[in-house]
Amino acid sequence: MARYRSASFPTLLLSLVVLIACIVLPGLAVKHENFKTCEQSGFCKRNRAYADKASAAGSSWSSPYELDPATIHFEDGTLSGVLVKSVSDTEKVQLPLALAFLQSGAARLTVDEEKRMKGDIEIRHGSKINKKRYDETEKWVIVGGLDSSKTATLDAQAETGFTKIVYGPNDSFEAIIRHSPFEVEFLRDGQPQIQLNKQGYFNVEHWRPKLDDKERESGEDESTWWEESFGSNTDSKPRGPESVGLDIVFPGFNHVYGIPEHADSLSLRETRGGPGNHENPYRMYNSDVFEYELDSPMTLYGSIPFMQAHRKGSSVGVFWLNAAETWVDIVKKTAPSNPLSMSASGKTDTQTHWISEAGRMDLFVFLGPTPQDLSKTYGELTGYTQLPQHFAIAYHQCRWNYVTDEDVKEVDAKFDKYQIPYDVIWLDLEYTDDRKYFTWDPLTFPNPKGMQEKLDASQRKLVVLIDPHIKSKNDYFVSQELVSKGLAVLNKDGEVYDGWCWPGSSNWVDCLNPAAFPWWSSLHKYDKFKGSMPNLFIWNDMNEPSVFNGPETTMPKDNIHYGNWEHRDVHNINGLTLINATYQAMLERKKGELRRPFILTRSYFAGAQRTSAMWTGDNQATWGHLAASLPMILNNGIAGFPFAGADVGGFFHNPEKELLARWYQAGIWYPFFRAHAHIDTRRREPYLISEPYRTIITQAIRLRYQLLPAWYTAFHQASINGTPIVRPQYYVFPEDEEGFAIDDQLYLGDTGLLAKPVVQENTFSTEIYIADDEKYYDYFDYTVYQGAGKRHTVPAPEDKIPLLIQGGHIIPRRDRPRRSSALMRWDPYTLVITLNQKGEADGTLYVDDGETFDYERGGYIHRRFRYQESVLSSEDIGTKGAKTSEYLKAMSGVSVERVIMIDPPASWKSKTSVTIIEDGAKAATTASLEYHEQKDGKASYAVVKSPNVGIGKAWRIEF
């Protein structure tokens with residue numbers, strides 16, 4: 001338990017409150033009164049009311065926005081012009097607009113406000129904040145994909161009142177811009193896909209001076225225009241009302257996905273009430289939500305305003321690039337079925353309404369047509385997920401807290417004693433001296449280097465917590481430098497903001513300030529962070545930012561960041577700016593030492609995938625939270641941040657042994673696989689769990705390690721084209737409507753591995769949905785399942801993970817158990833083959849040194865394995881570079897030790913050997929073939945023993 005030596009009385013008091021909360025509050029649910037509903041959020045309420053007014057008016061409603069035809073100009077793939085908002089007969093607001101058509105096939109719509117752009121407004125309360133709408137989110141988020149289309153053309157034949165742009169691959173995309181009222185419709189192959197302002201909800205709250213009640217005669221409710229109170233905090237709103245809103249309709253689409261992070265289903269629900277629907281919009285306002293609830297649109301720790309819509313034959317998407325608080329309403333409207341139509345039901349349109357408190361409107365539109373197209377194009381803009389160090393995709397052991405360096409070494413030894421593999425052990429905040437980051441508690445962690453050296457003997461790693469709140473204390477060097485260098489977030493009066501978090505009185509580093517980056521980097525250097533070593537990595541928590549005494553447990557919106565931007569403008573990228581700084585710091589710890597950083601973040605925004613992993617925050621040890629982890633991680637993957645996980649076992653409370661074992665069986669399918677627990681929970685390291693559950697958990701962890709080659713290959717694929725590492729059913733089978741809402745089973749990359757974790761108590765079989773007519777084989781005993789569009793009952797006793805392999809795949813794995821993944825580096829591979837209906841199979845393997853950036857210069861192996869016409873071959877699909885020869889030489893002794901063919905031709909019964917032809921060998925060789933016959937619904941299998949072909953070489957095995 002933590003101690004608070006040399007602390008002031010307020011710090012001791014806060015610590016006591018926090019300690020009591022830790023012990024008492026886990027029995028409670030989320031405190032709804034601490035977080036706003038749409039009704040309590042002025043700008044959300046206003047925009048919803050505006051939508052209601054437009055909806056009630058129906059066809060008589062006319063949006064007050066029109067594109068002035070005289071201002072339209074088209075050049076270099078961009079249409080520009082001025083939107084005119086008619087406030088009254090005498091008042092017109094000028095809103096500069098640009099609609100850019102990009103080489104990638106995406107389109108980008110931006111709308112700003114002329115008066116704010118020119119600074120032609122008055123700021124209230126004597127504030128010195130920036131007068132513009134925030135337009136720098138792209139600086140943090142966008143890394144490419146903005147090249148203008150060279151083929152987009154203005155259709156000169158467009159009828160009066162409309163402008164049409166033809167663009168995209170083979171000129172298959174169209175954007176039809178209606179001038180008055182302003183609307184944009186995007187089509188692909190002549191079919192409507194996305195409609196903007198179709199319902200007339202477009203709304204830009206323009207600047208206007210604050211007038212006395214006698215002067216203003218608008219009749220509008222201005223109660224939240226100029227200031228707004230929630231709880232004990234009053235937001236001063238020096239720029240007045242400035243929200244932006246837009247309706248985006250997906251015609252003919254019944255399913256939309258994405259906009260994490262929410263503890264909800266994969267296919268997002270409606271938000272205007274009704275049975276099974278939500279009453280509030282989905283909210284994106286990164287927040288520390290204590291013990292969050294399930295099936296909720298409430299905001300959580302991260303936000304990615306990227307939404308996909310999917311129907312048979314089409315996937316499209318939108319990306320709302322805005323870092324301010326954002327709400328999204330979803331309504332699904334189904335037209336009555338036409339009795340003369342062959343369709344059994346009417347068409348469903350999904351109508352969404354996007355509302356942000358501040359900033360300019362900045363929207364990207366993607367027309368697919370496949371989920372993979374969306375992943376790639378979105379990834380070109382915001383960056384693909386990082387290729388992490390290899391250890392990062394193995395098993396992580398964490399709790400709040402391992403209490404001493406000897407405790408860490410004992411846990412490490414116990415894992416070895418019980419032969420349970422793990423790669424990383426974690427330290428929560430109690431390792432610090434009086435909760436001062438970049439320090440060690442001298443009594444409990446007197447020898448941090450000795451602790452790390454002990455871990456390094458098994459090539460294991462240490463991750464420690466470093467948060468953005470810095471303890472405010474005169475004799476603490478980090479606090480002194482933060483303030484003296486002017487790198488702290490300021491309050492609305494321009495003074496260093498002081499709030500409360502784990503250390504007590506704290507200040508927050510402002511990573512929007514470019515000068516914060518070199519300073520933050522200096523703190524991570526070995527001579528500054530004394531006791532840290534190369535096998536230490538970083539966990540950035542509480543970076544929403546979490547402020548215990550702040551409004552909605554975060555920072556006041558009228559705080560001021562670098563550039564005189566209000567916190568309201570940048571709230572959702574706050575965590576992103578910190579992890580960007582930490583990533584740079586980890587690259588610069590020591591000159592000449594360049595290793596891929598590993599960072600875990602709790603708060604995130606689009607672009608965070610380039611530098612970090614994430615987890616779903618402080619979940620609970622319940623079956624419901626176990627079940628919810630799957631759609632949460634799947635949704636994060638399709639939103640471009642696939643390196644995602646959830647606390648295995650649940651953070652709060654003590655899981656029963658069955659729940660804990662089932663959670664490990666599910667957790668091995670999280671891209672980020674970490675167990676974690678609250679300080680008040682019982683210790684639950686796997687070796688402490690009684691049998692048979694200890695063995696069940698150990699077997700699950702070992703399966704993760706066995707399949708690490710397949711996992712690393714999936715990570716590599718995600719890093720070059722943005723595809724999710726674990727994929728939902730609709731993503732793999734986009735034409736099968738029965739699978740569009742399935743979110744409790746998943747596929748691992750392109751491997752054909754289909755997992756359906758058990759997430760209900762006392763359940764010993766499960767139903768796995770199979771979309772296609774290929775054979776599927778039980779991973780463990782090769783039981784055959786076949787039948788398209790059906791659910792198949794699969795046994796799931798406590799010691800078994802429901803796991804199938806689709807026919808047509810070649811899966812690389814490593815079968816020798818080791819203490820850590822690094823110790824497997826020189827181990828041989830096994831290839832597992834399942835044939836499709838054509839008698840063929842395909843698979844890939846990517847491997848590099850797992851640590852450095854040498855892969856960027858060709859230091860890797862990338863092979864494609866194919867089985868066709870009774871021949872298994874290995875083909876190089878990599879690109880050579882300066883490091884290729886060196887790496888191939890290092891891997892020359894690594895080979896394939898076994899090939900397993902599931903369900904081989906019956907004619908193989910009489911075969912006893914295969915012929916091997918390896919590139920560079922003087923002559924062909926042979927290897928033994930063993931055929932194992934099985935019955936009672938289980939497929940037979942054949943094993944090629946010791947083919948000993950080099951993993952980095954070209955070869956053929958002829959059967």
Side-chain angles (χ1 to χ4, degrees), residues 74 77-79 97-110 142 144-155 158 162-178 183-198 246-259 268 304-321 347-352 354 361-382 606 638-640 721-724 730-731 734-735 740:
F74 184 75
T78 298
L79 180 145
L97 169 149
L99 182 53
F101 301 91
L102 308 178
Q103 195 66 36
S104 66
R108 183 186 192 182
L109 173 68
T110 58
I142 304 299
L146 293 181
D147 293 339
S148 296
S149 171
K150 295 178 174 57
T151 59
T153 57
L154 182 70
D155 188 342
F162 293 85
T163 299
K164 185 166 88 170
I165 307 294
V166 178
Y167 69 108
N170 302 315
D171 290 339
S172 58
F173 298 169
E174 298 172 52
I176 300 176
I177 302 103
R178 181 181 179 185
E183 294 178 20
V184 186
E185 182 171 46
F186 293 91
L187 299 88
R188 188 185 66 244
D189 298 325
Q191 298 297 313
Q193 306 289 330
I194 295 175
Q195 299 163 331
L196 309 183
N197 202 32
K198 182 72 172 178
L246 177 67
D247 62 275
I248 304 174
V249 177
F250 301 98
F253 292 86
N254 192 30
H255 294 276
V256 290
Y257 313 96
I259 59 168
L268 300 173
I304 300 178
F306 176 51
M307 177 182 284
Q308 290 188 21
H310 183 73
R311 68 184 184 211
K312 188 175 181 179
S314 183
S315 285
V316 298
V318 294
F319 175 42
W320 180 267
L321 184 57
K347 184 186 76 168
T348 298
D349 295 345
T350 295
Q351 303 169 350
T352 67
W354 299 65
M361 186 174 294
D362 195 347
L363 176 72
F364 289 85
V365 173
F366 311 93
L367 297 185
T370 70
Q372 291 79 7
D373 291 324
L374 297 182
S375 296
K376 186 175 188 302
T377 309
Y378 172 77
E380 289 175 359
L381 287 171
T382 65
I638 63 171
N721 63 17
T723 50
Y730 91 89
Y731 198 97
E735 298 300 302
F740 290 176

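The figures that follow rest on heavy atoms only: side chains count, while hydrogens, waters and symmetry mates do not. Computed from a prediction, not measured in an experiment: that's the story for all the values here.
- Here the OG1 atom belonging to Thr350 is positioned 11.5 Å from the CD1 atom belonging to Ile194, to the nearest 0.5 angstrom.
- With hydrogens and angles ignored, the 3.5 Å screen pairs no side-chain donor or acceptor of His310 with any backbone N or O of Pro371.
- In this structure the side chain of Val365 never reaches within 4.5 angstrom of the side chain of Leu109, judged on heavy atoms.
- The line from CD1 of Ile177 to CD1 of Ile165 is 5.0 Å long, rounded to the nearest 0.5 Å.
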Criterion side chain to side chain donor-acceptor pair (under 3.5 Å) on Thr723 and Asn721, from CA distance to verdict
CA-CA 6 Å; Thr723 50; Asn721 63 17; 2.9 Å; yes

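- Panel note: side chain Asp349, backbone Gly252; a donor-acceptor pair is recorded below 3.5 Å.
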For Lys198 and Glu183, run side-chain contact (heavy atoms from CB on, under 4.5 Å): C-alpha distance rounded to whole Å, both residues' side-chain angles, the deciding distance at 0.1 Å, then the answer.
CA-CA 6 Å; Lys198 182 72 172 178; Glu183 294 178 20; 3.9 Å; yes

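- Closest approach of Leu146 to Leu102, counting heavy atoms only: O-CD2, 3.6 Å.
- Of all non-hydrogen atoms in Thr78 and Ala100, the two that sit nearest each other are OG1-CB, 3.6 Å.
- Taken to the nearest 0.5 Å, the OG1 atom of Thr163 stands 10.5 Å off from the CZ atom of Phe74.
- Side-chain atoms of Ser314 never come within 3.5 Å of backbone atoms of Arg311 as a donor-acceptor pair (strictly under, hydrogens ignored).
- Of all heavy-atom pairs between Ile638 and Phe306, the closest is O-CE2, 3.4 Å.
- No close placement of the Phe101 and Phe173 rings is indicated, their centers lying 6.0 Å or farther apart.
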Show, in sequence, the C-alpha distance, side-chain angles and deciding distance for Leu97 and Leu79, and conclude whether the side-chain contact (heavy atoms from CB on, under 4.5 Å) test is met.
CA-CA 8 Å; Leu97 169 149; Leu79 180 145; 4.1 Å; yes

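- Minimum interatomic distance between Ile304 and Ala606 (heavy atoms only, all atoms of both residues): CG1-N, 3.9 Å.
- Phe364 pairs in a side-chain contact (heavy atoms from CB on, under 4.5 Å) with only one of the listed residues (Val318, Leu381, Thr110), which is Leu381.
- Atoms CG and CZ, on Leu374 and Phe319 in that order, are 13.5 Å from each other to the nearest 0.5 Å.
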CA sep, side-chain torsions, deciding dist, call: Tyr730, Gln308, side chain to side chain donor-acceptor pair (under 3.5 Å):
CA-CA 12 Å; Tyr730 91 89; Gln308 290 188 21; 2.8 Å; yes

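- Gln103 and Ser149 make their closest contact through OE1-CA, 3.3 Å (heavy atoms, listed as atom of the first residue, atom of the second, distance).
- Atom CZ of residue Phe162 and atom CD of residue Glu185 lie 9.5 Å apart, to the nearest 0.5 angstrom.
- The backbone N or O of Ile248 lies less than 3.5 Å from no partner atom in the side chain of Gln351, so there is not a single donor-acceptor pair.
- With a 4.5 Å cut-off on side-chain heavy atoms, Asp155 and Glu174 do not count as touching.
- Pairing each heavy atom of Gly77 with each of Ala152, the nearest pair is CA-CB, 4.5 Å.
- Ring centers of Phe740 and Phe253: at least 6.0 Å apart, outside the cut-off.
- In this structure, the side chain of Thr382 engages the main chain of Tyr378 through a donor-acceptor pair within 3.5 Å.
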Audit row: Asp247, Asn197, side-chain contact (heavy atoms from CB on, under 4.5 Å) steps and yes/no:
CA-CA 5 Å; Asp247 62 275; Asn197 202 32; 3.3 Å; yes

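- The CZ atom of Phe186 sits 11.0 Å away from atom CD of Gln195, with the distance rounded to the nearest 0.5 Å.
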After noting the C-alpha distance and the side-chain angles of Ser315 and Thr370, does the key distance pass the side-chain contact (heavy atoms from CB on, under 4.5 Å) rule?
CA-CA 5 Å; Ser315 285; Thr370 70; 5.5 Å; no

